[in-house]
Amino acid sequence: MDRSPRARCPVIIDCDPGHDDAIAILFALASQEIDVRGITTVAGNQTIEHTTRNALTVIGLAGHDAIPVARGAVGPLRRSLRIAPDIHGDTGLDGGGDLPAPAMAPIVADAAEYLTERLEPGVVLVATGPLTNVAIALGRHARPDQIIWMGGSVEEKGDVTDAAEFNAFVDPDAAAAVFAAGVEPTMVGLDVTHQARVGPRYQERLRAAGRAGRFTARLLDFYGAVYRQRHGWDGPPVHDALAVAVAIDPALVRTEHLHVRVHTDGPERGRTEVVKDQEPNAHVAVEVDTARFLDLLCSRLESLP
Ligand code: BDR
Ligand code: CA
């Protein structure tokens, strides 16, 4: 695919909004390098009812109601759902303020159906939640140009258990299926997202911006409190927005071509382990240009009406 700066890249976002998913959607919609063709939702940070409603609310806020939203899996492939109200609240977007009810409804096709039809050469999938929908679509032979997934961790401790990052933990069977599908996903995990935190200077820039900027600042206030309490950080990582950034400008991260094994059971459930002596099956982000990422994110969010 032509990834020169002039080519506008068609993107589908599979997500579970979620504060950082919401910020990732706004970032994508504000970026001319990518053309958001559709959004699919999955249960993860909250139930599918909330994540779908939140996706519709966020595109409405950005004035992009016409983007199709397809509702997806109610839970993981083979186990019960674990949600994250401790981080994202009871709605999935707590602290975001009084938001208007979505003007649109989800389309008739479900997420896996939509992805199966639309993931084809030339299209990039940015996945920012558990990989349930994506695994189903790949199982039906959907083949996008590239999958950029926010999930997993290699050196960094997990954020659900010491071994596992949330998206990998929630549906490890789906993650294992995606890494085994021969599509070589780009894994944007905690190793890089924990480096890319939106500190006070950037938060104030956003608060002084338009409606989308103020909404983002409110989301960061709520979600940042959790990271302040758990890690002592003065700004939260916006994990999912970094995955969108990689679709906009792949040079923002350095990746290594490695073999990732996803553990599905036991105390290691959801661990994404690099296995040295096996054929590479993924591109793992190992370094990020944090300052350039945060500047890009803020300037794009500031540009929204
Ligand atoms: C991931 O889990 C969710 O809580 C976030 O939205 C992000 O996708 C970080 O581990
Ligand atoms: Ca997410």
State plainly whether one hydrophobic cluster holds both [X] and [Y], where clusters connect Ile, Leu, Val, Met, Phe, Trp and Tyr through side-chain heavy atoms under 4.5 angstrom apart.
| X | Y | value |
| --- | --- | --- |
| Leu26 | Val188 | yes |
| Val11 | Leu297 | yes |
| Tyr114 | Ile136 | no |
| Leu301 | Leu220 | yes |
| Leu77 | Leu119 | no |

Give, for atom [atom1] of [X] and atom [atom2] of [Y], the distance between the pair rounded to the nearest 0.5 Å.
| X | Y | atom1 | atom2 | result |
| --- | --- | --- | --- | --- |
| Asn167 | Ser153 | CG | OG | 11.0 Å |
| Glu268 | Asp162 | CD | CG | 10.0 Å |
| Thr51 | Ile48 | OG1 | CD1 | 3.5 Å |
| Thr47 | Arg53 | OG1 | CZ | 11.5 Å |
| Leu56 | Ile39 | CG | CD1 | 8.5 Å |
| Leu294 | Tyr202 | CG | OH | 5.0 Å |

N/O donor-acceptor pair under 3.5 Å between [X] side chain and [Y] backbone:
| X | Y | answer |
| --- | --- | --- |
| Thr161 | Ala164 | yes |
| Asp20 | Asp240 | yes |
| Trp149 | Ala243 | no |
| Arg271 | Val262 | no |
| Asp16 | Val42 | no |
| Arg71 | Thr52 | no |
| Asp145 | Val123 | no |
| Asn133 | Ala73 | yes |
| Gln203 | Val198 | yes |

Close side-chain approach of [X] and [Y], heavy atoms under 4.5 Å:
| X | Y | result |
| --- | --- | --- |
| Leu296 | Ile248 | yes |
| Arg118 | Pro144 | no |
| Phe222 | Leu93 | no |
| His64 | Val36 | no |
| Arg79 | Asp265 | yes |
| Leu242 | Val288 | yes |
| Cys15 | Ile25 | yes |
| Glu113 | Val108 | no |

Might you point out which heavy atoms bring [X] and [Y] nearest each other, and give the distance in Å?
| X | Y | answer |
| --- | --- | --- |
| Phe27 | Ser31 | O-OG, 2.7 Å |
| Phe215 | Gly96 | CD1-O, 3.5 Å |
| Arg211 | Pro100 | NH2-CG, 4.0 Å |
| Val69 | Ala55 | CG1-CB, 4.3 Å |
| Pro17 | Ala22 | CB-N, 4.2 Å |
| Gly151 | Glu165 | CA-OE1, 3.4 Å |

Do [X] and [Y] have a side chain donor and acceptor closer than 3.5 Å?
| X | Y | answer |
| --- | --- | --- |
| Thr91 | Asp94 | yes |
| Asp21 | Thr128 | yes |
| Asp173 | Thr264 | no |
| His259 | Glu279 | no |

Output, in order, the C-alpha distance, side-chain angles, deciding distance and verdict of side chain to side chain contact (heavy atoms under 4.5 Å, CB included) for His50 and Asp90. CA-CA 9 Å; His50 285 299; Asp90 291 336; 5.9 Å; no
Run the side chain to side chain contact (heavy atoms under 4.5 Å, CB included) check on Val260 and Val284 step by step: do they pass? CA-CA 9 Å; Val260 174; Val284 179; 3.7 Å; yes
Given Glu33 and Arg300, is the salt bridge (Lys or Arg N to Asp or Glu O under 4.0 Å) satisfied, shown in steps? CA-CA 11 Å; Glu33 297 86 344; Arg300 294 297 161 84; 2.8 Å; yes
Across all chains, not counting sequence neighbours, the ring pair (Phe, Tyr, Trp, His ring centres under 6.0 Å) partners of Tyr223 are His19, His88, Tyr227
Side chain to side chain contact (heavy atoms under 4.5 Å, CB included) between Val154 and Met187, intermediate numbers included: CA-CA 10 Å; Val154 173; Met187 183 178 119; 3.8 Å; yes
My understanding is that a hydrophobic cluster links ILVMFWY residues whose side chain heavy atoms are under 4.5 Å apart, including indirect links. Using that, what else belongs to the cluster containing Leu81? Ile83, Val160, Phe166, Phe169, Val170
Can you tell whether the side chains of Asp295 and Arg205 come within less than 4.0 Å, N to carboxylate O? yes
Look at atom CZ of Arg292 and say whether more than 12 heavy atoms of other residues, nucleotides or ligands are closer to it than 6.0 Å. yes
Go through it in stages, so that I can follow the logic: the residues are Arg254 and Glu256, the test is salt bridge (Lys or Arg N to Asp or Glu O under 4.0 Å), and I'd like the CA-CA distance, side-chain angles, deciding distance and then a yes or no. CA-CA 7 Å; Arg254 184 173 72 77; Glu256 287 179 4; 3.2 Å; yes
Determine which pairs satisfy side chain to side chain donor-acceptor pair (under 3.5 Å) with at least one residue from residues 178-196, sequence neighbours left out, and list them in order. Gln146-Thr186, Glu156-His194, Glu184-His257, Glu184-His283, Thr193-His239
Determine, step by step, whether Leu29 and Ile59 satisfy the side chain to side chain contact (heavy atoms under 4.5 Å, CB included) criterion, reporting the C-alpha distance in whole Å, the side-chain angles of both residues, the deciding distance to 0.1 Å, and the verdict. CA-CA 8 Å; Leu29 295 176; Ile59 59 169; 4.1 Å; yes
Evaluate salt bridge (Lys or Arg N to Asp or Glu O under 4.0 Å) for Asp171 paired with Arg78, printing each intermediate quantity in order. CA-CA 8 Å; Asp171 198 344; Arg78 281 194 273 285; over 6 Å; no
